[in-house]
Amino acid sequence: MSIINYIKRLFIYPIKYSGSEYYKMVLIVRSDISMGKGKAAAQCAHAAVECCHQISFNTKYQPIYESWLLQGQPKVVLRISTEEQLMTLARNARKVGLITSIIKDAGKTQLTPGTTSVLGIGPGPKKVIDDLTLHLKLL
């Protein structure tokens with residue numbers, strides 16, 4: 001993410017908090033690369049941690065984060081066919097104000113260095129995330 005986009009994200013906050021809304025996180029794994037189940041799980045964990053880490057830089061997301069924690073931290077793991085589709089989804093998620101995390105592998109085990117493996121989105125409003133990801137299948 002460029003520094004300009006990062007700064008924009010700190011100050012632009014189109015998603016409104018509602019105490020009665022449900023929140024979730026989705027982790028989207030590329031299905032066109034060969035990863036073992038453990039590797040995919042580790043990449044998903046990286047994405048989830050990075051999404052949560054980004055909240056610490058933007059206090060406007062704190063109410064959503066706290067509600068998500070109280071709701072049991074719902075997470076769903078989905079699959080996507082290509083890196084291009086993953087990047088398009090990431091752009092669309094950012095446009096509507098969702099936190100995103102794109103994980104690129106270090107290349108120490110199964111993947112070549114720099115391979116984009118997982119996209120994390122959220123935590124955010126379930127409806128907003130579903131509007132972007134409902135077409136994807138579970139991993």
Side-chain angles (χ1 to χ4, degrees):
M1 167 182 352
S2 75
I3 189 72
I4 292 170
N5 286 337
Y6 179 76
I7 291 169
K8 280 183 187 177
R9 191 192 273 157
L10 287 176
F11 296 103
I12 298 173
Y13 185 67
I15 292 190
K16 303 293 182 212
Y17 170 72
S18 167
S20 62
E21 189 155 14
Y22 289 102
Y23 298 97
K24 76 180 195 179
M25 177 185 288
V26 292
L27 305 160
I28 299 114
V29 179
R30 282 182 54 197
S31 61
D32 63 327
I33 57 176
S34 180
M35 280 190 288
K37 290 178 183 177
K39 180 67 170 178
Q43 298 294 293
C44 285
H46 289 315
V49 168
E50 178 57 28
C51 283
C52 292
H53 180 72
Q54 287 184 35
I55 290 168
S56 67
F57 295 114
N58 190 337
T59 57
K60 293 178 181 178
Y61 284 93
Q62 286 298 317
I64 290 173
Y65 178 69
E66 290 169 11
S67 288
W68 176 73
L69 289 173
L70 291 171
Q71 293 171 4
Q73 311 98 46
K75 291 170 279 316
V76 177
V77 181
L78 305 169
R79 65 178 184 248
I80 199 160
S81 299
T82 67
E83 181 177 12
E84 183 180 328
Q85 291 172 346
L86 183 137
M87 298 307 283
T88 299
L89 181 57
R91 279 191 298 278
N92 292 338
R94 277 193 228 93
K95 283 180 188 174
V96 297
L98 293 167
I99 289 174
T100 62
S101 170
I102 297 170
I103 301 304
K104 294 184 183 250
D105 194 66
K108 296 180 180 175
T109 57
Q110 299 176 18
L111 303 175
T112 57
T115 301
T116 302
S117 58
V118 173
L119 166 65
I121 301 175
K126 181 182 182 312
K127 179 170 180 3
V128 175
I129 291 175
D130 286 348
D131 287 346
L132 292 170
T133 62
L134 209 52
H135 67 285
L136 299 175
K137 304 240 189 266
L138 293 170
L139 181 65

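Owing to the predicted nature of the structure, the values given are computational and were not obtained by experimental measurement.
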Compare all side-chain heavy atoms of [X] with those of [Y] and state whether any distance is below 4.5 angstrom.
X	Y	answer
Thr100	Leu119	yes
Cys52	Trp68	yes
Ser34	Leu111	no
Gln71	Tyr23	yes
Ser101	Ile121	no

Name every donor-acceptor pair, under 3.5 Å, that has one atom in a side chain of residues 73-81 and the other anywhere in the protein, sequence neighbours excluded.
unit_1	atom_1	unit_2	atom_2	d
Gln73	NE2	Leu69	O	3.0
Lys75	NZ	Gln73	O	2.6
Arg79	NH1	Leu138	O	2.8

Under the side chain to side chain donor-acceptor pair (under 3.5 Å) test, residues paired with Thr115 that sit two or more places apart: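 Only Thr112 meet the side chain to side chain donor-acceptor pair (under 3.5 Å) criterion with Thr115.
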What residues, two or more places apart in sequence or in another chain, satisfy side chain to side chain donor-acceptor pair (under 3.5 Å) together with Thr109?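 Residues passing side chain to side chain donor-acceptor pair (under 3.5 Å) with Thr109: Lys39.
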Rounded to the nearest 0.5 Å, what separation is found between the OH atom of Tyr61 and the CD1 atom of Ile55?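 Atom-to-atom, Tyr61:OH and Ile55:CD1 are 8.5 Å apart.
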Calculate, to the nearest 0.5 Å, the distance between atoms CG and CG belonging to Leu98 and Asn92 respectively.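 Answer rounded to 0.5 Å: 10.5 Å.
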Less than 3.5 Å apart, which donor and acceptor atoms pair up between the side chains of residues 40-49 and the rest of the protein, not counting sequence neighbours?
unit_1	atom_1	unit_2	atom_2	d
Gln43	OE1	Ser117	OG	2.6
Gln43	NE2	Asp105	OD1	3.1

Check: [X] side chain, [Y] main-chain N or O, donor-acceptor pair, under 3.5 Å:
X	Y	result
Thr133	Leu136	no
Gln54	Ile99	no
Ser67	Ile64	no

Please enumerate all residues that pass salt bridge (charged side-chain N to carboxylate O under 4.0 Å, His left out) together with Asp32, with sequence neighbours excluded.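 With sequence neighbours excluded, Asp32 shows a salt bridge (charged side-chain N to carboxylate O under 4.0 Å, His left out) to Arg30, given in chain and number order.
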Restricting to non-hydrogen atoms, name the atom on [X] and the atom on [Y] that form the minimum distance, rounded to 0.1 Å.
X	Y	value
Ile28	Leu89	CD1-CD2, 3.8 Å
Met25	Leu27	SD-CD2, 4.1 Å
Cys51	Gly122	CB-O, 3.1 Å

Among residues at least two apart in sequence or on other chains, which ones pass side-chain contact (heavy atoms from CB on, under 4.5 Å) with Asp131?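 In terms of side-chain contact (heavy atoms from CB on, under 4.5 Å), with neighbours along the sequence ignored, Asp131 is linked to Lys127.
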Glu66: side-chain contact (heavy atoms from CB on, under 4.5 Å) partners, not counting sequence neighbours: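 Glu66 satisfies side-chain contact (heavy atoms from CB on, under 4.5 Å) with Gln62 only.
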